[in-house]
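Everything on this sheet refers to the single structure shown next.
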Amino acid sequence: MERINFQVIEKKWQDKFAKKTLNNKSGPKFYCLEMFPYPSGKIHMGHVRNYTIGDVIARYKFLNGYNVLHPMGWDAFGLPAENASKQNNLHPKVWTEKNIGTMKNQLKMLGLSIDWDLEVSTCDKEYYKHQQEIFIDFYKAGLVSKKETYVNWDPVEKTVLANEQVINGKGWRSNADVERKKMSQWFFNITKFSDELLSHLDSLEGWPEKVKLMQKNWIGKSLGCEIRFEVKGEKENINIFTTRPDTIFGATFIALSVDHPLSKKFNNIKSFSTFKSECNKTGTTEEALANAEKVGFDSKLFAKHPFIKNKLIPIYFANFVLMDYGSGAIFGCPAHDQRDFDFAKKYNLEIIRVVSNKKDNEKLLEAYTGDGILINSEFLNNLTVEKAKKLIIDEIEKKKIGKKKIQYRLKDWGISRQRYWGCPIPMIYLEDGSVVPVDKSELPVELPDKINLNTNGNPLDSHPTWKNTLQKSTGMKAVRETDTLDTFVDSSWYYLRFCSPKHKSSPFDEKKINYWMPVDQYIGGVEHAILHLLYSRFFTKGLKKCNSNLKFNEPFKNLFTQGMVCHETYKDKKGNWLYPEQIQKVNDKKAFKINDKSEVIIGAPESMSKSKKNTVDPETMINKYGADSVRLFILSDSPPEKDIQWSDVGVASSNKFLQRIWDLNNSVLKRKEVNTDQILESKFVNKINNYIKRIDESVKNFRLNVSVALFYEVFRFFKENLQSKISNKVLSENMVKIMKLMIPFTPHLSYECLEMFKCKNVDKWPKIDLSSISEEIKLAIQVNGKTRDILLMEKDLDIKKINKLVIERSKAAKYLKDKNITKTIFVKNKIVNYII
RNA sequence: GCCCUCGUGGUGAAAUUGGUAGACACAAAGGACUUAAAAUCCUUGCCCUUUUGGGAGUGCCAGUUCGAGUCUGGCCGAGGGCACCA
């Protein structure tokens with residue numbers, strides 16, 4: 001048989017795909033979007049999986065008559081470009097554009113149905129110009145503010161670090177101890193939409209429950225109340241937020257953040273400022289916080305208990321109280337909060353039980369946080385926790401010392417970055433001290449081409465002239481904001497730009513986005529479950545606030561999160577990681593190093609990463625096996641939402657399968673006509689249609705690994721019938737149907753085969769046509785619930801006929817002989833169960 | 001610590017509403033073809049039995065049911081999210 005020449009075939013069809021879109025003007029719209037990539041250099045297997053899954057959906061919808069939008073672009077701003085630039089002495093722009101060129105070619109090699117006319121790159125000034133417009137609109141709508149906040153500060157590099165760049169409390173590059181530093185930063189006031197971001201999750205029926213739950217936890221709504229405590233001998237009060245107002249009678253101390261307004265009185269006291277700086281030295285990472293001991297500073301001040309006359313409770317400053325949650329103050333109830341308990345033990349504070357756990361006489365060894373009946377709590381006694389909460393809030397409101405309150409964990413989104421390769425924040429600081437947006441007619445605020453990146457801190461700030469400007473309307477001297485926007489801003493609205501990527505006058509054409517939006521299917525990694533998806537949802541809500549003509553509330557109607565691509569790991573005897581191409585496998589457990597034949601230790605499969613050297617280059621694989629084989633393999637074996645293990649043997653076997661399909665197509669074309677048997681033909685057609693139905697359902701439900709398994713089955717079945725008494729016409733017609741089913745998976749081969757069959761209406765999903773002849777079914781025969789035989793029979797037989805068949809033909813008969821059948825359970829076309 | 005998800009052969013995994021467990025594939029062993037190899041194809045897969053056949057079996061223990069991978073309760077294990085969050 002002729003070998004399939006995939007290089008030639010794939011090139012031929014890719015040229016055709018380049019000139020074709022998935023537009024079906026008359027059909028309903030379908031916006032299929034995959035998360036766009038960061039142009040880091042080359043595509044990796046994760047991209048291959050993401051974009052192949054997306055391509056299957058886009059092509060499937062197109063074949064089913066939808067008007068499909070399937071764009072692609074580049075998340076092109078970001079720090080790696082600056083780092084690469086310092087290393088290679090290449091301008092970030094040049095480096096980025098080079099990578100885009102490479103990766104675009106690689107994506108084309110995969111045979112994706114991308115409409116490249118819609119391509120968008122976030123570092124393009126035509127893109128970030130509109131982003132600056134949105135920023136100004138948001139600013140005018142009160143969704144932007146500048147405020148002081150704590151950041152991860154690297155004292156050596158003199159820059160802010162993202163949380164991911166802080167490893168064990170140290171800067172990832174400088175290895176210096178990261179400090180918490182207060183800095184003035186620009187923020188998007190995402191918390192203004194806390195409630196909507198939470199409640200609208202319920203409308204996202206097409207999102208994985210897992211992702212919705214993660215967002216819900218992240219937003220972190222908690223119900224409670226605020227209570228005002230008077231401080232003895234001071235004018236200032238302390239406001240405290242609590243979710244456990246029922247435990248107020250167990251309150252034995254108050255703890256404040258070192259940044260609480262009351263701390264001003266202590267700033268001149270040396271021991272306090274030492275304490276405060278110690279607190280700030282603690283990093284903001286989880287590890288640092290978990291390891292940090294709970295320590296306090298006794299203020300020697302006392303607060304008046306709001307419900308117990310003449311009772312005074314001590315006030316401490318404590319390192320575990322955060323200024324940016326609630327009001328930076330808590331009341332401690334040691335008996336019912338573990339952290340308070342630890343603190344009280346350390347400083348010998350009073351512990352009063354107020355919720356009974358039926359072991360009230362035993363010594364308290366840890367805080368009791370469960371439910372129970374209130375004790376030692378005056379008018380709350382004998383109430384449940386829930387009822388006590390209600391009553392105490394009523395009392396607090398009656399006494400006017402506080403009120404019911406909803407608190408969110410969600411914080412505003414800090415968007416300032418002290419970096420060059422990002423979108424400049426379009427704000428200017430005027431001579432007279434005011435801070436105003438750049439006039440819209442002056443946009444874009446462009447990045448300067450010439451830049452020295454080897455500066456301490458922000459390169460734009462060190463630029464000799466860039467930041468000096470004038471306000472257009474007044475001619476007043478001004479200084480530009482030199483921070484750039486977090487790159488998550490770039491990706492928060494790109495899906496809108498794709499609807500009208502060349503629109504000049506505004507970020508998007510209203511008509512276009514109201515037609516295409518929301519995205520019908522969004523596909524990407526679960527690692528974006530919170531940040532990117534939450535930010536995008538915020539942007540949609542923000543834009544809607546600025547422009548009431550927008551007709552959608554949420555950007556992504558259906559979300560699919562695909563799993564990662566994993567690969568075995570290899571190490572030599574010294575423990576150094578090895579690339580797959582450096583080793584030779586003997587069998588599953590044994591391998592050796594190619595250059596010196598030394599032993600190699602095979603490790604567990606882990607997600608592909610450069611540091612573990614367990615990566616496989618997609619382009620190499622495409623060149624070796626062809627894009628269709630790579631696509632087919634990445635969809636086989638594992639369900640798309642789960643991790644998949646890459647294996648070269650696996651892709652090779654996909655390749656062999658495609659070769660068999662190719663051979664089979666050729667065999668059908670060259671087949672000599674035979675005498676036909678009508679019944680056999682009908683059965684054949686029926687079975688093929690049954691497969692079409694199952695494949696259609698599996699694609700619809702994202703069970704693409706099952707689709708692939710069904711392809712194996714249907715081709716095996718087809719091959720078995722190649723010599724049967726079935727006409728060439730019927731065989732050809734059905735082969736065409738199967739090849740159409742495969743278009744979304746292996747577009748090159750499918751279109752090539754369809755062309756060989758001179759198929760018209762290529763881009764039409766086959767109709768399911770279950771012919772009238774009844775199919776044979778398998779019926780399970782059970783006795784007392786145990787399957788004793790399986791009988792092949794006509795469909796839809798009644799129980800009487802089946803009883804007869806069982807006695808005559810089945811192996812179950814011997815179990816029923818001379819037995820009294822007390823009950824018969826019969827499920828049509830499935831099972832019959834005799835109870836004896 | 002809190003919340004969520006998942007446990008099926010040597011491996012990745014299938015299994016509409018509870019109704020044939022292990023489809024499909026990888027790996028392995030044996031065999032066919034071949035002078036040989038590659039490629040291709042076939043068979044096998046836990047326990048007992050020479051075979052026919054029978055038994056056990058979806059992490060463990062119980063329960064509901066004619067019937068449980070699927071439903072309920074408890075336990076064990078793995079993965080993920082959140083966390084000085086008041």
Side-chain angles (χ1 to χ4, degrees), chain A residues 1 208-218 220 222 224 240-245 247 254-255 257 282 286 288-294 318-322 324-333 337-340 342-343 366-367 369 407-411 526-527 529-530 566 587-589 605 633 636-639 642-645 647 649-654 656-657 659-660 663 694 697-698 701 703 705-714 716 778-791 811 814 822-836:
Chain A
M1 273 290 183
E209 289 303 320
K210 184 174 77 167
V211 175
K212 285 194 274 186
L213 191 74
M214 279 163 75
Q215 292 215 354
K216 191 182 163 204
N217 291 338
W218 186 264
S222 46
I240 281 171
F241 172 75
T242 178
T243 55
R244 292 296 303 271
T247 62
I254 278 177
S257 159
T282 316
E286 281 176 27
L289 292 171
N291 297 334
E293 200 192 353
K294 286 160 193 52
N319 63 342
F320 61 84
V321 182
L322 308 172
D324 53 7
Y325 186 79
S327 50
I330 62 157
F331 75 71
C333 176
D337 182 292
Q338 190 57 42
R339 192 193 44 204
D340 295 348
D342 296 342
F343 192 78
E366 56 177 16
T369 54
Q407 184 71 43
Y408 294 94
R409 203 190 74 98
L410 183 69
K411 289 174 195 159
V526 74
E527 65 273 20
I530 293 170
C566 300
N587 57 38
D588 257 9
K589 285 161 195 160
F633 175 70
S636 332
D637 275 7
S638 287
K642 283 182 76 175
D643 286 356
I644 191 170
Q645 197 188 335
S647 99
V649 200
V651 72
S653 87
S654 296
K656 282 176 201 165
F657 175 60
Q659 178 66 43
R660 289 205 297 275
D663 295 344
R694 288 166 71 195
E697 277 166 8
S698 62
N701 297 319
R703 318 217 9 240
N705 56 324
V706 178
S707 317
V708 176
L710 289 170
F711 287 135
Y712 275 89
E713 273 191 57
V714 74
R716 177 188 287 180
K778 290 174 183 172
L779 190 94
I781 316 297
Q782 297 185 342
V783 178
N784 282 351
K786 272 194 178 147
T787 305
R788 294 301 177 178
D789 201 3
I790 292 156
L791 289 185
K811 292 171 193 161
K814 67 177 182 185
T822 56
K823 199 175 173 187
T824 306
I825 291 130
F826 175 56
V827 182
K828 210 173 170 186
N829 298 331
K830 285 260 165 76
I831 61 138
V832 59
N833 187 7
Y834 299 102
I835 311 305
I836 54 172

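Proteins get letters first, then strands, A, B, ... in listed order; numbering begins at 1 in each.
With hydrogens and angles ignored, a donor-acceptor pair under 3.5 angstrom links the side chain of A/Lys294 to the base of B/C84. Checked by distance alone, A/Asn833 brings a side-chain donor or acceptor within 3.5 Å of a matching partner on the base of B/C66. Within 3.5 Å, a donor on the side chain of A/Lys830 pairs with an acceptor on the base of B/U17, or the reverse.
Note: CD (A/Gln645) to C1' (B/U11) measures 8 Å, nearest angstrom. Residue A/Leu322 contributes atom CG, which lies 8 Å from atom P of B/C85 at whole-angstrom precision. One interatomic measurement links the two molecules: CZ of A/Phe241 to P of B/C85, which rounds to 13 Å at whole-angstrom precision. At whole-Å resolution of the value, NZ in A/Lys786 and P in B/G57 are 8 Å apart. When the P atom of B/G80 is taken as reference, atom CD1 of A/Ile530 falls 15 Å away, rounded to whole Å. Nucleotide B/U65 holds its C1' atom 13 Å from the CG atom of A/Asn784, rounded to whole Å. Atoms CZ (A/Arg339) and P (B/C84) sit 10 Å apart, rounded to a whole Å. The separation between A/Asp789 atom CG and B/U52 atom P is 15 Å, rounded to whole Å.
In this structure, A/Lys642 reaches the B/A13 phosphate: one of its side-chain N or O atoms is under 4.0 Å from OP1 or OP2. Between A/Thr824 and the phosphate of B/C66, there is no side-chain N or O to OP1/OP2 separation shorter than 4.0 Å. Taking 4.0 angstrom as the limit, A/Thr787 places a side-chain polar atom (N or O) nearer than this to OP1 or OP2 of B/A21.
Not a single donor-acceptor pair under 3.5 Å links the side chain of A/Asp789 to the backbone N or O of A/Ile781. Between the side chain of A/Asn833 and the backbone N or O of A/Gly785, at least one donor-acceptor pair lies under 3.5 Å.
Listed by chain and residue number, A/Ala780, A/Gln782, A/Ile790 satisfy the side-chain contact (heavy atoms from CB on, under 4.5 Å) test with A/Thr787 (two or more places apart in sequence, or in another chain). The salt bridge (Lys or Arg N to Asp or Glu O under 4.0 Å) check on A/Asp324 picks up A/Lys411, with sequence neighbours excluded. For A/Phe633, the ring-ring contact (aromatic ring centres under 6.0 Å, His included) partners at least two apart in sequence or on another chain are A/Trp646. With sequence neighbours excluded, no residue satisfies salt bridge (Lys or Arg N to Asp or Glu O under 4.0 Å) with A/Arg694.
Using the Watson-Crick or G-U wobble rule with both distances under 3.5 Å, B/A32 pairs with B/U40. Checking B/C82 for Watson-Crick or G-U wobble geometry (two distances, each under 3.5 Å) identifies B/G1 as its partner. Base pairing annotation: B/A56 forms no Watson-Crick or G-U wobble pair, as no partner gives both donor-acceptor distances under 3.5 Å. Base pairing of B/U64 is not made with any nucleotide, judged by Watson-Crick or G-U wobble geometry with both donor-acceptor distances under 3.5 Å.
A distance of about 14 Å separates the C1' atoms of B/A39 and B/A32, rounded to the whole Å. Atom name C1', nucleotides B/A21 and B/U16: the rounded distance is 16 Å, in whole Å. Nucleotides B/G7 and B/C61 are separated by 16 Å at their C1' atoms, to the nearest Å. Taking atom C1' on both nucleotides, B/U17 is separated from B/A28 by 39 Å, rounded to a whole Å. Taking the P atom of each, B/G73 and B/C6 are spaced 14 Å apart, rounded to whole Å. Taking atom C1' on both B/G57 and B/G69, the two are 11 Å apart, rounded to the nearest angstrom. As rounded to the nearest Å, B/G81 and B/G59 have C1' atoms that lie 24 Å from one another. Annotation: B/C66 and B/C76 have their P atoms spaced 32 Å apart (nearest Å).
Pairs passing the side-chain hydrogen bond (donor to acceptor under 3.5 Å, both in side chains) check and including a residue from residues 822-832 of chain A, sequence neighbours excluded, read A/Asp796-A/Asn829.
Note that the CH2 atom of A/Trp218 and the CG atom of A/Leu213 stand 14.0 Å from one another [nearest 0.5 Å].
Using a 4.0 Å heavy-atom cutoff across all strands shown, A/Lys210 reaches no nucleic acid atom at all. At a threshold of 4.0 angstrom between heavy atoms, the contacts of A/Lys828 with the nucleic acid are absent. As judged by a 4.0 angstrom heavy-atom cut-off over every strand, A/Gln782 is placed among the base-contacting residues. Note on A/Ser636: nothing from the nucleic acid sits closer than 4.0 angstrom, heavy atoms only. Here A/Leu213 lies in heavy-atom contact (under 4.0 Å) with sugar-phosphate atoms only.
Side-chain rings of A/Phe320 and A/Phe343 approach one another, their centers coming within less than 6.0 Å.
Mapping A/Ala329 and A/Gly785 onto RNA chain B via the closest heavy atom, the residue that lands nearer the 5' end is A/Gly785. Each of A/Ile644 and A/Ile330 was matched to the nucleotide of RNA chain B holding its nearest heavy atom; the match closer to the 5' end belongs to A/Ile644.
Among all heavy-atom pairs drawn from A/Arg244 and A/Phe331, the shortest one is O-CZ, 3.8 Å.
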Summarise how protein sits on nucleotides 23-34 of chain B as a single string, 5' to 3': B when a protein heavy atom is under 4.0 Å from the base, S for sugar-phosphate-only contact, - for no contact. BSSSS-------
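Looking at the side chain of A/Arg788, the nearest of the listed nucleotides B/A86, B/G54, B/G19 is B/G54. In this structure, of B/C82, B/A86, B/G19, it is B/C82 that holds the atom nearest to the side chain of A/Arg409. Distances from the side chain of A/Tyr325 to the nucleotides B/A83, B/G19, B/C85 place B/C85 closest.
An anti orientation is assigned to B/G18, its glycosidic angle lying beyond 90° of 0.
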